[in-house]
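Worksheet: the structure to be examined is printed underneath.
We count ligands from 1, going down the list as the structure has it; atoms in each ligand are counted the same way. These numbers were taken from a predicted model, which means no experiment stands behind them.
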Amino acid sequence: MKWQGRRQSSNVEDRRGQGGSGMGGGGINPFLLGPLVKLLFSKTGMVIAGVFIVGSMIMGYNPLNLLGGLLGGGGGQGLTSESTYSPTAEEEELAAFSATILGDTETVWNELMDNYREPTLVLFTGSVSSACGSASSATGPFYCPADEKLYIDLSFFEEMETKLRAGGDFAYAYVIAHEVGHHIQKIMGITDQVHSLRGKVSEKEYNLNSVRLELQADFLAGVWAHHSQRSSGMMEAGDLEEALGAANAIGDDRLQKQATGRVVPDSFTHGTSAQRMKWFKKGFETGDLSQGDTFSTRDL
Ligand SMILES: [Zn+2]
């Protein structure tokens with residue numbers, strides 16, 4: 001990827017070295033979802049999502065407990081303050097990279113949407129407080145709809161490379177774009193529609209809708225990549241494969257097998273490797289938002 005020297009977003013809150021208030025307890029699983037949420041319209045809502053489950057699996061935690069923990073209350077922290085944290089050169093490079101990718105998503109989504117609200121990227125280390133509760137790095141990157149912020153511990157990218165063998169700058173860009181995809185879903189009201197079904201559907205149905213929401217975020221990441229490539233031309237040969245490799249590596253089936261040795265489709269919340277690759281690719285190839293209704297399609 002040719003990302004160096006491009007505009008970096010100013011919507012970055014650097015909380016590295018500050019820590020959060022630790023893991024919250026209890027709470028409600030935010031992934032309670034329902035059927036047939038249409039792409040593109042409605043109100044506001046709530047979903048904690050992300051590559052999320054991935055981080056949990058890597059670190060050996062039960063992601064559902066973490067999801068619950070995330071909703072355990074707690075408010076957002078204030079703005080960035082000075083800290084004694086001194087990042088390595090590699091970390092600084094990843095921070096600059098992340099700010100650049102976020103900046104590029106701003107360019108693309110400002111063009112594709114009227115009145116786009118740019119989200120904030122919070123960099124943290126260890127643990128962090130969000131309006132959705134507290135989380136540790138083990139949860140992986142996530143988006144909190146309540147404060148419209150993306151939370152990333154940059155060490156996650158290292159984990160992708162070492163533990164999932166899905167490294168590479170465009171693989172990391174896909175992760176950021178996926179979280180921004182959840183922000184788009186929040187703005188479009190899709191998250192809220194899904195959230196409103198909480199408690200009204202079976203766990204199985206909830207999981208299926210969670211999968212649909214996640215696959216749509218993958219699709220939206222692909223839409224970003226499509227338009228980014230047209231406007232900035234950052235992608236190089238092999239980049240698409242990097243993103244697909246990441247989508248493949250963080251499919252629920254593969255992660256579950258890695259973690260438990262077996263695959264139980266009903267418990268998926270993010271989609272299989274094949275599904276994730278398919279929807280990212282569809283977004284990338286079409287660049288067309290109207291192609292991304294993962295909720296009405298029978299064939300995920
Ligand atoms: Zn997600």
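Remark: Tyr172 engages Phe157 in a ring pair (Phe, Tyr, Trp, His ring centres under 6.0 Å) (not counting sequence neighbours). Partners of Asp299 according to the salt bridge (Lys or Arg N to Asp or Glu O under 4.0 Å) rule, which considers only residues two or more places apart in sequence or in another chain, are Lys278.
At a cut-off of 2.8 Å, His270 does not coordinate the Zn ion (ligand 1) through any N, O or S atom.
In this structure, Phe284 has its ring center at least 6.0 angstrom away from the ring center of His227.
Looking at Glu214, its N, O or S atom nearest to the Zn ion (ligand 1) turns out to be OE1. Minimum-distance N/O/S atom of His178 relative to the Zn ion (ligand 1): NE2.
Look at Glu236 and Lys2 and you find no salt bridge, because none of the NZ, NE, NH1 or NH2 atoms lies under 4.0 Å from a carboxylate O.
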